[in-house]
Amino acid sequence: MKHYTRRNFGKLATTGFFGAAVFGSVPLAMGLNKGNETKKLGVALVGLGSYSTYQLAPALVQTEHCYLAGIVTGTKEKEAAWANKYNIPKKNIYNYENFDAIANNDDIDIVYVVLPNSMHADFSIRAAKAGKHVICEKPMAVSVEECDAIMAACKKADVKLSVGYRMQSDPYTQEVKKYVREKTFGDVHFVSSDAAYISRGNPDQWRLNKKLSGGGALLNMGVYAIQTSIYGVGENPTSVSAQEFSTRPEYFKDTDETITAQFTFNNGAVAHMMTSHNANGNRLKVHCSNGWFELDPAHNYGPINGRTSKGNTISFPHQSQQALQMDDFARHILLGAKNVAPGEMGKRDMIIAEAIYASITNGGKTQPLNLGTMGIVG
Ligand code: NAD
């Protein structure tokens, strides 16, 4: 298979390789396939932990427009196993120290940062400086300041940036957005969303270490509940108040365990979210003036399930969300299609997360949010 790199993509584009393709509205195959040549973007995964191993690498095999071209790992023993399994040449294998040399590797178009949260900003910025497009896992970073730094680095290097919000590429999410936009069940009055699981693992894991995670349940599963609260209503919230509950302080020594938060919106709707590392929850329910709809489960890798007050189910064939997500980003890079999870969305969610923590610190005091339409896409 012949692969085109981002660098010679520019050349192909300017020489008319893409013919009359209309950006974002023509099937990609028309623009990217000619004869036997197939355009695929090379992705390098940074951090080969469980998400890279069990979700992203298998998903890359299913993508139409990407392939696993390289790896960046701090664990020497993983190199040979990954190289053999995914046919990765030695020259495309990096560690955290020599990572910056990726700038000279034309096989790599996209660097996908899949490290503990506090390492996202450093590696995303280094990837941008190396001239690579960036996918940064969620949460985008551990502070709004870091989100700004990532966005500025990508802008300066003129590379594209996306956050690993797989749900934004999922057909169920599109259906929810459509119901809200078209008022299929009337005006949205109340949204209830939860994204949570019980953590029983090693108490020393990075997710329970604030220095590495930046926060507990809220920055892990909580970002999904923030997102569904927003697209369940169709606009950004104008204020938030929040509460934290701690029932296993001996285990959750450093990070938040269970958080509930209430949002208000300009259109009069109210949303309630729950996230936890000590309770299970995985649901979105949207109550409207003429009925309701829900996803249950709502935030997992799928299959997702939904039903409505009209008595019908919401059902789509199961596809890898991660494959859909990476293909969406490839279309954004190659065809100028919409970026479904831009940095601005990750930053917005971090502004909200910081406001939630501020509310908790201030005994549940309501925090105003001045977000406008920031981060709203689709
Ligand atoms: P993990 O613990 O399984 O893997 C973390 C990787 O980082 C490992 O390869 C580890 O060796 C490496 N690492 C480098 N420095 C480290 C350090 N100082 N401490 C600990 N590990 C270090 O974690 P994961 O589940 O793969 O999560 C990685 C990122 O992906 C996180 O940001 C997480 O939020 C995100 N994630 C997203 C989704 C999603 O649905 N979008 C799902 C899971 C994880």
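Every number for a ligand or one of its atoms is a count from 1 in the order of the listing.
Atom NZ of K285 sits in a crowded spot, with more than 12 heavy atoms from other residues, nucleotides or ligands closer than 6.0 Å. Within 6.0 Å of CD on E145 lie no more than 12 heavy atoms contributed by other residues, nucleotides or ligands. For NZ of K177, the number of neighbouring non-hydrogen atoms (other residues, nucleotides, ligands) closer than 6.0 Å is greater than 12.
Looking at ligand 1, you'll find an N or O of Y51 within less than 3.5 Å of one of its N or O atoms. Residue-to-ligand polar distances place L115 within reach of ligand 1: an N/O pair is separated by less than 3.5 Å.
Contact annotation: for Q205 versus ligand 1, there are no heavy atoms closer than 4.0 Å.
In terms of protein heavy atoms, atom 34 (O) of ligand 1 is closest to K138 O, 2.8 Å. Looking at atom 18 (N) of ligand 1, its nearest protein heavy atom turns out to be L212 CD2, 3.8 Å. Among all non-hydrogen protein atoms, the one lying nearest atom 3 (O) of ligand 1 is S50 N, 2.8 Å.
Y96 pairs by the ring pair (Phe, Tyr, Trp, His ring centres under 6.0 Å) definition with F123, not counting sequence neighbours. In terms of the side chain to side chain donor-acceptor pair (under 3.5 Å) criterion, residue partners of H272 (sequence neighbours excluded) are, by chain and number, Q262.
The pair K210-D254 fails the salt-bridge criterion, with no side-chain N (NZ, NE, NH1 or NH2) lying under 4.0 Å from an Asp/Glu carboxylate O.
Close contacts of ligand 1 with V114, meaning ligand atoms under 4.0 Å from a residue heavy atom, involve 28 (C), 29 (C), 30 (O). In the vicinity of L48, heavy-atom distances shorter than 4.0 Å reach the ligand 1 atoms 9 (O). Within ligand 1, counting atoms from 1 as listed, the ones closer than 4.0 Å to a heavy atom of R166 are 39 (C), 40 (O), 41 (N).
There is no protein heavy atom less than 4.0 angstrom from atom 10 (C) of ligand 1.
Counting heavy atoms from C-beta outward, F190 and W292 have side chains that stay 4.5 Å or more apart. Residues E354 and L218 are not in side-chain contact: their nearest non-hydrogen atoms beyond the backbone lie 4.5 Å or more apart.
At least one heavy atom of K78 sits closer than 4.0 Å to an atom of ligand 1. Taking 4.0 Å as the cut-off, Q322 does not count as a neighbour of ligand 1 on heavy-atom distance.
For atom 8 (C) of ligand 1, the candidate residues are G49, G164, G74; the nearest heavy-atom contact is made by G49. Among Y301, Y224, Y54, the residue whose heavy atom lies nearest to atom 39 (C) of ligand 1 is Y224. Looking at Q55, E137, R207, H120 and measuring to atom 44 (C) of ligand 1, the nearest heavy atom belongs to R207. Proximity annotation for atom 14 (C) of ligand 1: of Y96, Y112, W206, Y96 comes nearest, heavy atoms only. When G47, A141, P116 are ranked by how near their heavy atoms come to atom 20 (C) of ligand 1, first place goes to P116.
Exactly one of T258, I360, T260 qualifies for a side chain to side chain contact (heavy atoms under 4.5 Å, CB included) with E244. That residue is I360.
Relative orientation of the Y172 and F316 rings is perpendicular, given thresholds of 30° and 60° on the angle between their planes.
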Task: From CA spacing to verdict: ring-ring contact (aromatic ring centres under 6.0 Å, His included), F293, Y179 - done: CA-CA 9 Å; F293 57 95; Y179 289 163; 4.9 Å; yes
